[in-house]
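Nothing here was measured: the structure is a model prediction, and the numbers come from that model. Below, each value reflects all heavy atoms present in this structure, side chains not excepted, and no hydrogens, waters or symmetry copies. Quick note on labels: first sequence line is chain A, next is B, and so on, each numbered from 1.
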2 protein chains.
Amino acid sequence: MADRVHVTLRDVAMAAGVSLATASRVLNGTAKVREDLRDRVEAAASELAYTPNAHAQALVRASNETVGVICHDVSDPYFSGIARGVMRAAAQRDLLVMLASTFRDSTREVAYVSMLRAQRARAILLIGSGFEDRRWERAMDVELRPYLNAGGRVAVVSRHRSLRVDTVLPENRQGAAALARALLALGHRRFAILSGPPGLSTVVDRVGGFRDALAAAGVPVDQIEEGPFSREGGYAGACALLDRGLDATCLFAATDVMAVGALAALRERGLRVPDDVSLAGFDDIPVVRDLTPPLTTVSLPLEEMGERVIALALRDGGRGRRRIERVPGTVILRASTIGPR
Amino acid sequence: MADRVHVTLRDVAMAAGVSLATASRVLNGTAKVREDLRDRVEAAASELAYTPNAHAQALVRASNETVGVICHDVSDPYFSGIARGVMRAAAQRDLLVMLASTFRDSTREVAYVSMLRAQRARAILLIGSGFEDRRWERAMDVELRPYLNAGGRVAVVSRHRSLRVDTVLPENRQGAAALARALLALGHRRFAILSGPPGLSTVVDRVGGFRDALAAAGVPVDQIEEGPFSREGGYAGACALLDRGLDATCLFAATDVMAVGALAALRERGLRVPDDVSLAGFDDIPVVRDLTPPLTTVSLPLEEMGERVIALALRDGGRGRRRIERVPGTVILRASTIGPR
DNA sequence: GCGCTATCTGAAAGCGCTTTCCTGCGGTAC
DNA sequence: GTACCGCAGGAAAGCGCTTTCAGATAGCGC
């Protein structure tokens, strides 16, 4: 990037025969400038294809028209749905989005926060359940504290344990509970659960909400398998359940992505969904309605969540009290769940 | 971001009792510094949670450890698959990725290039077929030319018409032709095509390659419907085909995403896939193998394409001749295509 | 026509950093 | 003991921009 030189404001000013100050004022519209000078500056700028150096601007303005977003994996529909909302909202505000994928590596997540901090991003958004261990928490705090003190904004989606920042919080517990009740209403009494990585608040809430609602109806669940939030995780979990002799009329996967894997596993083992076993997921990622059978799930407005988290981070008076915006989940009953035979 | 002050190198230097120059040298390891001084600087930096201002660095170094990626829609699996590859490769190089979604708005695409230029991104990557009209071409050229002249790198995936830059080019034509031949081999003779937006090189190549291969076997195709590259586009296109009295044993959709929509439409109209009509797509996005039936398609190594495009942009001697890396597509026959009854 | 004010323009400082240049120090050879 | 060399650290310039401050110009009333 250093091979040749960029066109600078000085070049524009010289070409237009005015001072840097005047050129700057014209290009930013920050003060009245005589019409002929203005025209000359504008002509020179477009002639030279001038683009202001955002770094010089950021340096003097101590801020950069940029927001950073950190998620675990862009190609997971859950995250890309939220990212889409963030980008739509960012575009409206003329902000550039720096999007980083951690690939679920907590060290990398902290490193990204540091880089975003260095970039003086206006806001940093953390999407998706975090790494809820002490070491991570401390490392993250070390990065975030000075960033916040310097006026940076931080907001998160779906992680509420440790970080004391503005949060968009899907009502995982209530959603899962509502799903459980709907499944009970269908007549199911024997359930199995495909749970996510232990400790994640999302997992705790979804699985906990599901189990509590069942327990309230006097239905215990002892068939649980844990695995990563991925198609493979769901596939492997379902296989493990099957290997141990699955005895359930309904299987609940903590995420749709896992449910997709579970569906494949069940089918491979010769089980029909929903005839032999009902299957439900969580999130309502776009694709699940096109599965056969279409998947029963708890729908989350992913794109809206993305829009809300950036709005939350950038809101006026951002330094006020912490705000938590709860996003309800809606149970969507589709053909993957029917009453047990 | 201007509420309070950031910790600067000057703060670190003062705390350590050394000059800025020394502090800078320690933190960058650019020159030997006496051990005790070095220790003091390092201690001060970590004490103060110092993060260098990337803008100040970028300003003096005339470059920013950042690459910009522009795609049409992050939540489209085709793009997010490629984006994933880009991010993985970027992470290895300690680069931050700025990812922008155009939402298929050509004006916005040009605006993003301008913003990335302002950010002095090391490279700008354009993912996915472009807007092949004259106005766009000129506007894009105005932005890209000075960027390239200033040493910026540009590379693209899957758009070869107008932009004369390094390119990763999926072999759409060959892939579609191979698919057509495979379908012919299954015994199909009556085909319908769901095409994408007219004029896009991707569409021209895929549909053209498909038709040419059929024509070579003496099989004409007159049932074609155009629509946007989306599930809805596929759905609407299939409905239109059906309304006009679909007379084909096999339907080819220009992208998997469209095929998903088509599958839904066919099913709604009571047609069974593959018994009544075979269906094939293109791209091999992850989800299609989990459809019922799993979709026959042409597989593209999306993630690898992402890795290659960033490698191409950042390669040494980037100012050399234009390079075009062709990526072959592999026909994957799955259950959505069988021989006609 | 003169003096005052209201506008607009230009000079210059400074944002936080890297890097060149230069000074001062210690060590070595004679 | 003196002259020279090498090296580490500091001062200062400068990256491209915004913005304050002061100066210049025009406009107005008398």
Side-chain angles (χ1 to χ4, degrees), chain A residues 1-41 44-45 48-65 115 117-120 146 150-151, chain B residues 1-42 44-45 48-65 115 117-120 146-147 150-151:
Chain A
M1 196 75 215
D3 306 0
R4 312 235 198 120
V5 276
H6 282 276
V7 174
T8 72
L9 186 60
R10 154 171 252 101
D11 299 326
V12 174
M14 286 183 64
V18 299
S19 70
L20 275 92
T22 303
S24 171
R25 283 191 270 255
V26 170
L27 266 13
N28 294 299
T30 43
K32 241 177 272 176
V33 171
R34 217 172 60 219
E35 193 167 352
D36 58 324
L37 294 190
R38 184 158 27 115
D39 291 347
R40 267 156 51 197
V41 170
L48 299 171
Y50 170 70
T51 299
N53 183 325
H55 298 300
Q57 293 185 319
L59 187 56
V60 48
R61 297 210 264 243
S63 144
N64 184 11
E65 297 306 279
M115 292 171 83
R117 194 147 87 80
Q119 294 287 342
R120 299 297 187 260
Chain B
M1 198 74 213
D3 305 0
R4 310 231 202 124
V5 276
H6 282 276
V7 174
T8 72
L9 185 61
R10 153 171 251 101
D11 299 325
V12 174
M14 287 184 63
V18 299
S19 71
L20 275 94
T22 303
S24 172
R25 284 192 268 254
V26 170
L27 266 12
N28 294 299
T30 44
K32 241 178 276 176
V33 172
R34 217 171 59 218
E35 192 168 352
D36 58 324
L37 294 190
R38 186 159 27 119
D39 291 347
R40 264 154 56 197
V41 170
E42 276 164 359
L48 299 171
Y50 169 71
T51 299
N53 183 326
H55 297 300
Q57 292 185 320
L59 187 56
V60 47
R61 296 209 266 242
S63 146
N64 185 11
E65 296 307 278
M115 292 171 84
R117 196 146 84 81
Q119 295 285 340
R120 299 295 185 264
Y147 178 71

For [N] and [X] - does any side-chain N or O of the residue sit under 4.0 Å from the phosphate oxygens OP1/OP2?
| X | N | value |
| --- | --- | --- |
| B:Ser24 | C:dT18 | yes |
| B:Gln57 | C:dG16 | no |
| B:Asn53 | C:dC15 | no |
| A:Thr22 | C:dT9 | no |

Looking only at heavy atoms, what is the nearest atom pair of [X] and [Y], with distance?
| X | Y | result |
| --- | --- | --- |
| A:Val12 | A:Ala45 | CG1-N, 3.9 Å |
| A:Arg117 | B:Ala49 | NH2-O, 3.2 Å |
| B:Gly17 | B:Arg40 | O-NH2, 3.6 Å |

What is the distance, to the nearest angstrom, from the [atom1] atom on [X] to the [atom2] atom on [N]?
| X | N | atom1 | atom2 | result |
| --- | --- | --- | --- | --- |
| A:His6 | D:dG16 | NE2 | C1' | 11 Å |
| B:Arg10 | C:dC17 | CZ | P | 10 Å |
| B:Leu59 | D:dC17 | CG | P | 9 Å |
| B:Arg38 | D:dA8 | CZ | C1' | 13 Å |
| B:Leu27 | C:dT19 | CG | C1' | 15 Å |
| B:Asn28 | C:dC17 | CG | P | 10 Å |
| A:Glu35 | C:dC8 | CD | P | 12 Å |

>> Any donor-acceptor pair under 3.5 Å linking the side-chain atoms of A:Thr30 with those of A:Arg25?
In response: no
>> If only side-chain N and O atoms count, and only distance matters, is there a donor-acceptor pair under 3.5 Å linking A:His55 with B:Asn64?
In response: yes
Listed nucleotide nearest any side-chain atom of [X], set [options]:
| X | options | result |
| --- | --- | --- |
| A:Ala21 | C:dC8, C:dA11, C:dC15 | C:dA11 |
| B:Val60 | C:dA11, D:dC15, C:dC8 | D:dC15 |
| A:Leu37 | C:dT9, D:dC17, D:dG10 | C:dT9 |
| B:Ala56 | D:dG9, D:dG10, C:dC17 | C:dC17 |

> Mapping B:Pro52 and B:Arg25 onto DNA chain C by nearest heavy atom, which one lands closer to the 5' end?
Replying inline: B:Pro52
>> Mind checking if B:Thr8 touches a base, just sugar-phosphate, or nothing, with heavy atoms under 4.0 Å?
In response: sugar-phosphate
